[in-house]
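The next block holds one structure in the form of structure tokens; read it before the comments.
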Amino acid sequence: MAAPVTQLSSSFPTLPRFANSVFTQLLPSNPNISPLSAQQIQYYGNIQISNGGIDISPSQYDPSAPIYWAKTSDPLYTINCNAWSGNSCPSLQGKQINIPSYAKWGSYPSPNCSGCPRHGNFDGQMVVISPDGTMEYDFWQADQFPGSSGGNTFTVSSGEAFPINVDNEFGPGGWPGSATAAHRALTAGILLPSDITNGVVSHALTIAAPCVSNLSLYPVAAGISPATAISGGSCGGGLPKGARVFLAMSDSQISSLSLNPVARMIYTAMAHYGAYITDTSGESSTWYLVGYPNVHTWTDLGLSDPWPAAFSAVGIRNASYSNFSEFPINMSFPGGLQNYLKVADPCVTLGGPVCL
């Protein structure tokens with residue numbers, strides 16, 4: 001299998017490559033199905049997979065995350081996590097890290113915006129890669145710009161520090177401390193402009209289901225057990241965090257569907273690699289598919305936004321909405337197709353002889 005393309009731009013470093021990545025692991029030809037697969041899928045009723053759009057004019061309503069590569073010459077800030085009485089992110093609290101002075105969390109439209117509103121219900125996430133490339137720092141509800149108050153403290157609600165040489169892209173299970181419900185590194189499983197221009201998504205994706213059960217499966221429960229009860233469940237009969245859903249469809253079946261090129265890439269990735277349940281959407285039946293880098297990842301360095309050219313190459317034009325503009329992927333998921341949505345047994349991702 002060819003290595004996945006992770007280059008954001010010819011002017012950018014590559015994304016972190018976590019050891020033994022579960023996101024680049026192909027599904028076997030006939031994956032073992034979880035015994036509860038049908039029951040868990042049926043729990044959600046008429047599933048709609050949405051969020052098929054990349055924002056090109058982010059505002060305070062934009063939920064995507066910018067990614068920044070720090071340098072040793074960038075200002076040094078002390079991280080303060082304050083959502084849960086000082087125990088919000090033990091791997092980050094009090095840590096001093098370099099953060100570019102131009103950095104901003106994804107929901108703010110411009111730097112040094114002291115009068116901007118809070119992000120409302122969106123996550124306000126931000127990613128910083130350490131100067132030596134060995135650490136990824138993920139922040140949740142990064143409500144003020146680093147140094148905006150004139151000091152050297154960067155206040156966030158929560159977050160997590162990921163050593164990039166760890167076994168996979170998920171931190172230790174349990175709470176507190178993360179930027180997603182599943183403790184996923186925010187760079188894992190994201191859609192990149194290079195995926196679109198290359199015509200193939202050669203990695204697993206991520207899904208936010210309406211709700212999750214109180215179980216956490218491998219790889220979310222890495223280091224604990226293949227399935228263990230943790231806090232944070234919001235529905236009794238639904239899928240656990242870490243569940244790997246996939247489309248049990250052949251390439252020819254997917255080709256026969258009326259899909260635009262990007263939607264076809266995503267369907268194919270879900271058939272070849274699957275998608276991990278890593279967060280919740282809060283919707284009644286809508287599943288939100290794929291993360292992606294905020295345009296500030298490029299524009300804050302004076303580089304051009306690569307999304308328009310990538311989507312233009314496959315014939316997708318931008319659409320304007322009241323609060324933002326985006327490229328709609330139009331990820332429809334009709335009820336009949338739901339019959340092909342399956343849940344892989346955790347043994348598939350664990351690998352080795354465990355499925356025998």
(message) Ser250: which residues meet the side-chain contact (heavy atoms from CB on, under 4.5 Å) condition with it, sequence neighbours left out?
(response) Ser252, Gln253

(request) Not counting sequence neighbours, which residues clear side-chain contact (heavy atoms from CB on, under 4.5 Å) with Ala271? List them please. (result) Leu247, Ile254

Enter the distance from [X]:[atom1] to [Y]:[atom2] here, rounded to the nearest 0.5 Å.
{"X": "Glu160", "Y": "His183", "atom1": "CD", "atom2": "NE2", "value": "5.5 Å"}
{"X": "Trp140", "Y": "Leu92", "atom1": "CH2", "atom2": "CG", "value": "13.5 Å"}
{"X": "Asp251", "Y": "Arg264", "atom1": "CG", "atom2": "CZ", "value": "11.0 Å"}
{"X": "Leu26", "Y": "Ser202", "atom1": "CG", "atom2": "OG", "value": "9.0 Å"}
{"X": "Asp345", "Y": "Ser37", "atom1": "CG", "atom2": "OG", "value": "10.0 Å"}
{"X": "Tyr68", "Y": "Thr297", "atom1": "OH", "atom2": "OG1", "value": "6.5 Å"}

(message) Would you say CG of Asn30 has more than 12 non-hydrogen atoms from neighbouring residues, nucleotides or ligands within 6.0 angstrom?
(response) no

(message) Taking Val348 as the starting point, is it possible to reach Leu36 by hopping between hydrophobic residues whose side chains are less than 4.5 Å apart?
(response) no

Would you check if [X] and [Y] make a side-chain contact, meaning some heavy-atom pair closer than 4.5 Å?
{"X": "Lys241", "Y": "Tyr276", "result": "no"}
{"X": "Tyr267", "Y": "Leu257", "result": "yes"}
{"X": "Leu192", "Y": "Tyr292", "result": "no"}
{"X": "Val343", "Y": "Arg244", "result": "no"}
{"X": "Asn152", "Y": "Leu76", "result": "no"}
{"X": "Met265", "Y": "Val200", "result": "no"}
{"X": "Val201", "Y": "Thr268", "result": "no"}
{"X": "Leu15", "Y": "Ile67", "result": "yes"}

Do you know which two heavy atoms are closest between [X] and [Y], and how far apart they sit?
{"X": "Ile190", "Y": "Leu186", "value": "CG2-O, 3.1 Å"}
{"X": "Thr78", "Y": "Gly94", "value": "CG2-O, 3.8 Å"}
{"X": "Gly274", "Y": "Leu27", "value": "N-CD1, 3.8 Å"}

Sidechain-backbone polar pair: [X] side chain, [Y] backbone, donor-acceptor under 3.5 Å:
{"X": "Asp132", "Y": "Thr134", "answer": "yes"}
{"X": "Asn260", "Y": "Ala263", "answer": "yes"}
{"X": "Asp74", "Y": "Asn98", "answer": "no"}
{"X": "Gln125", "Y": "Ala179", "answer": "yes"}

(message) If you take the centroid of each ring, where Trp contributes its six-membered ring, are Phe139 and Phe154 closer together than 6.0 Å?
(response) yes

(request) Apply the test side chain to side chain contact (heavy atoms under 4.5 Å, CB included) to residues Lys95 and Tyr137: give CA-CA distance (whole Å), side-chain angles for both, the deciding distance (0.1 Å), then the verdict. (result) CA-CA 10 Å; Lys95 185 178 289 293; Tyr137 301 108; 3.6 Å; yes

(message) Quick one, Phe18 with Phe23, criterion side chain to side chain contact (heavy atoms under 4.5 Å, CB included). Give me CA distance, side-chain angles, the key distance, then yes/no.
(response) CA-CA 9 Å; Phe18 288 84; Phe23 282 88; over 6 Å; no

(message) Working note: Met135 + Ile97, criterion side chain to side chain contact (heavy atoms under 4.5 Å, CB included); need CA distance, chi angles, decisive distance, verdict.
(response) CA-CA 10 Å; Met135 295 292 297; Ile97 69 172; over 6 Å; no

